[in-house]
Asks: 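For reference, the structure I am asking about is given below.
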Amino acid sequence: MSCIFCKIIAGEIPSKTIHENEDFLAFHDINPQAPVHALVIPKAHVVDFREMSGEMMAKMTPFIQETAKKLGIYEEGFRIVNNIGTNGGQEVFHIHFHLIGGAKLKWGNFL
Ligand code: AMP
């Protein structure tokens with residue numbers, strides 16, 4: 001098993017868990033880009049959004065909402081980012097949704 005996020009799910013690499021159920025795991029990003037920066041991943045190895053089923057997305061929605069509440073960013077708002085493939089800037093090829101918040105976020109600087 002070579003996927004770094006599969007290793008986190010298996011407990012082979014340490015991470016700081018925020019929220020977990022049988023299908024998903026939320027943990028703190030190791031290189032936070034804002035005061036709050038978490039990652040939400042499915043426990044099943046899905047490479048990216050292009051392989052994500054609608055059924056899994058539907059299950060992930062309440063999990064992300066619960067995670068944002070646990071992080072204390074739900075009320076004031078936050079950003080969900082999902083990078084897809086080379087042009088999307090994806091670096092880890094196990095789908096993950098970034099939850100970013102804890103401050104008023106700016107927009108832009110994509111190039
Ligand atoms: P992306 O560029 O969308 O693929 O984002 C990958 C994210 O995974 C980056 O924000 C990294 O900081 C984060 N990351 C990589 N390795 C770890 C790790 N071991 N624990 C937590 N976050 C990680």
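Start at 1 and go down the list; that is how both ligands and their atoms are numbered.
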Asks: Please lay out, stage by stage, how Glu20 and Lys43 fare under the test salt bridge (Lys or Arg N to Asp or Glu O under 4.0 Å).
Replies: CA-CA 10 Å; Glu20 184 172 14; Lys43 291 186 174 177; 2.8 Å; yes

Asks: By number and element, which atoms of ligand 1 are closer than 4.0 Å to a non-hydrogen atom of His98?
Replies: 1 (P), 3 (O), 5 (O), 7 (C), 10 (O)

Asks: Would you check if Ile95 and Asn82 make a side-chain contact, meaning some heavy-atom pair closer than 4.5 Å?
Replies: yes

Asks: Atom CD of residue position Glu51 - does it have more than 12 heavy atoms of other residues, nucleotides or ligands inside 6.0 Å?
Replies: yes

Asks: Check whether any side-chain heavy atom of Pro42 lies under 4.5 Å from a side-chain heavy atom of Asp23, and answer yes or no.
Replies: no

Asks: Gly89 near ligand 1, heavy-atom distance under 4.0 Å?
Replies: yes

Asks: Does at least one non-hydrogen atom of His28 fall below 4.0 angstrom from an atom of ligand 1?
Replies: yes

Asks: Geometry only, no angles: is Gln90 polar-contacting ligand 1 at N/O separations under 3.5 Å?
Replies: no

Asks: Checking a contact table here: which protein heavy atom is nearest atom 4 (O) of ligand 1, and how many Å away?
Replies: Glu91 N, 2.6 Å

Asks: Does Lys69 come within less than 4.0 Å of Glu75, counting only side-chain N to carboxylate O?
Replies: no

Asks: Evaluate the side-chain proximity of Ile4 to His94: yes if any heavy-atom separation is below 4.5 Å, no if none is.
Replies: no

Asks: Taking the six-membered ring where the residue is Trp, are the ring centres of His98 and His96 under 6.0 Å apart?
Replies: yes

Asks: Counting only heavy atoms closer than 4.0 Å, does ligand 1 sit against the backbone of His96, its side chain, both, or neither?
Replies: side chain

Asks: Within the structure, does Val92 bring an N/O atom to less than 3.5 angstrom of an N/O atom in ligand 1?
Replies: yes

Asks: Checking contacts here: is it the side chain or the backbone of Leu39 that comes within 4.0 Å of ligand 1, counting heavy atoms only? Could be both or neither.
Replies: side chain

Asks: Among all the protein's non-hydrogen atoms, which is closest to atom 16 (N) of ligand 1, and how far away is it?
Replies: Ile4 CD1, 3.9 Å

Asks: Looking only at distance, does Asn83 have an N or O less than 3.5 Å from an N or O of ligand 1?
Replies: yes

Asks: Which pair of heavy atoms, one from Gln33 and one from His37, lies closest together, and at what distance?
Replies: N-ND1, 3.0 Å

Asks: What's the shortest distance from atom 21 (C) of ligand 1 to any protein heavy atom, and which residue and atom give it?
Replies: Ile30 N, 3.3 Å

Asks: Gln90 vs Asp48, test: side-chain contact (heavy atoms from CB on, under 4.5 Å). Steps then yes/no.
Replies: CA-CA 9 Å; Gln90 185 176 2; Asp48 66 39; 3.4 Å; yes

Asks: Is the gap between the ring centers of Phe97 and Phe24 under 6.0 Å?
Replies: no

Asks: Counting from 1, what ligand 1 atoms have a heavy atom of Phe5 closer than 4.0 Å?
Replies: 8 (O)

Asks: Which atoms from ligand 1 have a heavy atom of Asn31 less than 4.0 Å away?
Replies: 12 (O)

Asks: State if Ile8 counts as touching ligand 1 under the rule of any non-hydrogen atom under 4.0 Å.
Replies: yes

Asks: To the nearest 0.1 Å, how far is atom 10 (O) of ligand 1 from its closest protein heavy atom, and which atom is that?
Replies: Asp29 OD2, 2.5 Å

